[in-house]
Amino acid sequence: MSIKPSLSKGTRDFGPEQFVRRQYIIDTIKNAFELFGFQPLETPAIEKLSTLTGKYGDEGDQLLFKILRSGDYLKKVSDELLASRDVKSILPFISERGLRYDLTVPFARYVVMNQDKISFPFKRYQIQTVWRADRPQKGRYQEFYQCDADIIGSDSLLNEAELIQIIQKVYRELKIDGIEIKLNNRKILQGIAEEIGAGDNFTELTIAIDKLDKIGIDKVVDELLGRGLDQNSVDQLKTFLTFNGSITETLEFLENKLVNSEIGKKGIEEMKSLFSYLGETEKIKLDITLARGLSYYTGTIIEVVPLGTDMKSSINGGGRYDDLTGVFGMPNLSGVGFSFGLDRIYDIMLELDLFNDIDLNQSKLLFINFDENCQNYTYKILGKLREKGIKAEIYPSPTNKVKMKKQMKYANDRKFPFVVITGSDEMDSGLLSLKNMATGEQEKVTVEELLLRLG
RNA sequence: GUGGGUAUAGCUCAGUUGGUUAGAGCGCCGGGUUGUGGUCUCGGAGGUCGCCGGUUCAACUCCGGUUAUUCACCCCA
């Protein structure tokens with residue numbers, strides 16, 4: 001009886017080829033982060049549930065992977081509580097820890113815990129796995145990488161501009177041309193909400209208008225009416241959502257519209273100075289329908305979507321938060337950060353066939369193993385190759401155990417460019433038979449020639 | 001949480017209106033080639049058709065349930 005091997009849903013293996021490709025993306029992102037002066041940070045996969053819960057909204061809390069306590073944890077649960085079947089009340093007895101849901105909240109925890117050692121503004125990057133217990137689908141996994149960069153302790157909009165430069169640099173190096181960087185500012189959204197008299201329904205408003213490009217204006221209107229906004233507010237909102245123009249035109253339009261909202265004016269000012277740093281380019285859009293769900297954003301919001309692929313989801317997301325560390329007892333620390341979605345970038349590069357020229361960095365040479373004499377003889381030569389930094393291997397079993405035909409097949413499957421065949425003739429003459437696996441040609445060479453040839 | 005698809009050999013999948021011995025390609029093992037891979041050729045192993053139940057003389061096939069997985073919605077990287 002054997003168990004059928006299978007993966008848990010929403011997870012993937014990464015074989016040697018996939019690993020190398022993913023590492024290539026990671027290295028590109030990491031180099032860009034370091035070029036801009038970000039410092040690395042690694043935090044545990046496991047965090048206390050008290051650190052994680054309440055930071056991502058109710059939906060987010062539902063999606064946290066929780067870790068069962070050890071021991072007979074049910075002993076402490078009273079019969080009444082068990083009988084109530086109320087998960088929320090029972091949860092603290094059965095779980096106190098969970099897997100991190102993103103890298104931003106652990107970062108906030110770290111900053112607060114280490115504030116005495118950190119010089120602000122603190123720029124850190126973090127490339128690690130995160131876990132979410134949601135239903136998997138295309139481009140969406142339960143275990144995936146985030147590549148985060150955040151600057152905390154500075155409210156300058158120059159930071160936003162730097163992050164956007166990093167995004168541009170990374171996609172340029174990965175040769176992904178079709179991207180669109182969408183920018184907006186939560187303060188502008190809040191201004192709109194105030195202006196149309198829906199300031200109390202801000203969250204509902206953002207969730208609904210975030211769907212605009214997916215479901216269209218009519219359905220957004222329906223949804224908002226359903227969520228308790230009045231007809232008048234929705235009609236006014238329509239004029240905002242249907243406006244079309246260049247960045248300067250949009251900002252002018254907003255300036256004329258948001259005359260009564262202090263926060264709205266602030267948002268417009270922020271966007272103006274950000275665009276003065278960035279300049280207008282095709283790939284950067286001011287999109288007042290961009291809202292983003294994560295509740296901790298308070299200023300600039302950033303999202304990057306790929307163009308010309310099946311992938312519809314965003315590949316970067318981020319924004320400014322004024323009070324991320326407040327819940328951990330360190331208020332008024334403004335920060336801005338964003339994240340690359342490694343797994344989705346990988347999927348896109350696969351779809352666009354951008355992985356052609358990546359070197360698998362494999363061994364150059366395999367020594368065929370005839371018998372113990374041959375093994376001893378070639379093992380010394382193998383050592384010399386490795387001293388020179390030449391990647392080479394010897395087949396671990398002799399031909400009386402694994403036939404030469406099979407050793408050759410192994411060399412072929414593993415794509416060794418060369419094999420060396422060393423029988424008694426070769427050992428007597430001191431010349432090795434070097435076979436080129438691509439051409440099939442075979443010649444006799446000395447050890448010195450071999451070193452030169454592969455070096 | 002809601003809705004759809006899929007489940008047959010190690011892998012990717014065929015399988016006719018229900019019918020007698022369930023197939024292919026790839027992979028694996030062996031031979032042609034006792035010191036030569038990739039190509040070619042011959043042969044071989046490998047399947048309680050996801051699981052439980054029902055209909056039927058007869059079920060891989062139809063029906064119900066269940067589990068897993070996948071896609072879409074919600075939400076999100």
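Letters go in sequence order (proteins before strands), and every chain restarts at 1.
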[X] side chain: which of [options] is closest?
| X | options | value |
| --- | --- | --- |
| A/Lys405 | B/rG37, B/rC71, B/rG35 | B/rG37 |
| A/Met408 | B/rU70, B/rG37, B/rC74 | B/rG37 |
| A/Tyr141 | B/rC74, B/rA77, B/rU70 | B/rA77 |
| A/Met404 | B/rG35, B/rG31, B/rA77 | B/rG35 |
| A/Ile421 | B/rU36, B/rC28, B/rA77 | B/rU36 |
| A/Phe370 | B/rA77, B/rG32, B/rG35 | B/rG35 |
| A/Arg135 | B/rG1, B/rU36, B/rA77 | B/rG1 |
| A/Asp425 | B/rU69, B/rG37, B/rG35 | B/rG35 |
| A/Lys435 | B/rU36, B/rG1, B/rC28 | B/rU36 |

Could [X] and [Y] be called an ion pair, given the rule that one side-chain N must be under 4.0 Å from one carboxylate O?
| X | Y | result |
| --- | --- | --- |
| A/Glu393 | A/Arg414 | yes |
| A/Lys9 | A/Glu143 | no |
| A/Glu47 | A/Arg109 | yes |
| A/Arg22 | A/Asp343 | yes |

Between A/Thr422 and A/Pro5, the residue closer to the 5' end of RNA chain B by nearest nucleotide is A/Pro5
On RNA chain B, does the nearest nucleotide to A/Tyr145 precede the nearest nucleotide to A/Leu7 from the 5' side, or the other way round? Give the residue.
A/Leu7
I'd like to know whether CG of A/Asp58 has more than 12 heavy-atom contacts from other residues, nucleotides or ligands below 6.0 angstrom.
no
At 4.0 Å (heavy atoms only), tell me whether [X] reaches a base, stays on the sugar-phosphate, or touches nothing.
| X | value |
| --- | --- |
| A/Gly318 | nothing |
| A/Ser314 | sugar-phosphate |
| A/Gly440 | base |
| A/Gly139 | base |

Rounded to the Å, how far apart are [X] [atom1] and [N] [atom2]?
| X | N | atom1 | atom2 | result |
| --- | --- | --- | --- | --- |
| A/Glu59 | B/rA77 | CD | P | 13 Å |
| A/Gln137 | B/rG1 | CD | P | 15 Å |
| A/Asp134 | B/rA72 | CG | C1' | 13 Å |
| A/Lys9 | B/rC71 | NZ | P | 12 Å |
| A/Glu443 | B/rU36 | CD | P | 19 Å |
| A/Glu441 | B/rG38 | CD | P | 19 Å |
| A/Ile301 | B/rA77 | CD1 | C1' | 16 Å |
| A/Lys409 | B/rG31 | NZ | P | 14 Å |

Under 4.0 Å: is that the gap between some side-chain N or O of [X] and OP1 or OP2 of [N]?
| X | N | answer |
| --- | --- | --- |
| A/Lys403 | B/rG31 | yes |
| A/Gln146 | B/rA77 | no |
| A/Gln407 | B/rU36 | no |

Complementary nucleotide of [N], counting Watson-Crick and G-U pairs under 3.5 Å:
| N | result |
| --- | --- |
| B/rU66 | B/rG50 |
| B/rG3 | B/rC71 |
| B/rA14 | none |

Distance-only donor-acceptor test (3.5 Å): side chain A/Glu426, base B/rG35:
yes
Donor/acceptor link under 3.5 angstrom from A/Asn412 side chain onto base of B/rG37:
yes
Considering only atom [atom1], compute the distance from [N] to [M] and round it to an integer number of Å.
| N | M | atom1 | result |
| --- | --- | --- | --- |
| B/rU56 | B/rA72 | C1' | 38 Å |
| B/rG65 | B/rU70 | P | 23 Å |
| B/rU21 | B/rA59 | P | 12 Å |
| B/rC62 | B/rA24 | P | 23 Å |
| B/rC63 | B/rA77 | P | 41 Å |
| B/rC29 | B/rG38 | P | 11 Å |
| B/rC60 | B/rG18 | P | 13 Å |
| B/rG46 | B/rC74 | C1' | 45 Å |

Face-to-face stacking of A/Phe144 with B/rA77, centres under 5.5 angstrom, angle under 30°:
yes
Using the salt bridge (Lys or Arg N to Asp or Glu O under 4.0 Å) rule, take A/Lys123 and A/Asp150 through it: C-alpha gap first, then chi angles, then the decisive distance, then the call.
CA-CA 6 Å; A/Lys123 298 161 76 174; A/Asp150 288 78; over 6 Å; no
Measure from NZ or CZ of A/Arg69 to the centre of the six-membered ring of A/Phe93 and say whether it is under 6.0 Å with the direction within 45° of the ring axis.
no
Show the numbers, then the answer: is there a ring pair (Phe, Tyr, Trp, His ring centres under 6.0 Å) between A/Tyr125 and A/Phe38?
CA-CA 6 Å; A/Tyr125 75 85; A/Phe38 288 78; 7.7 Å; no
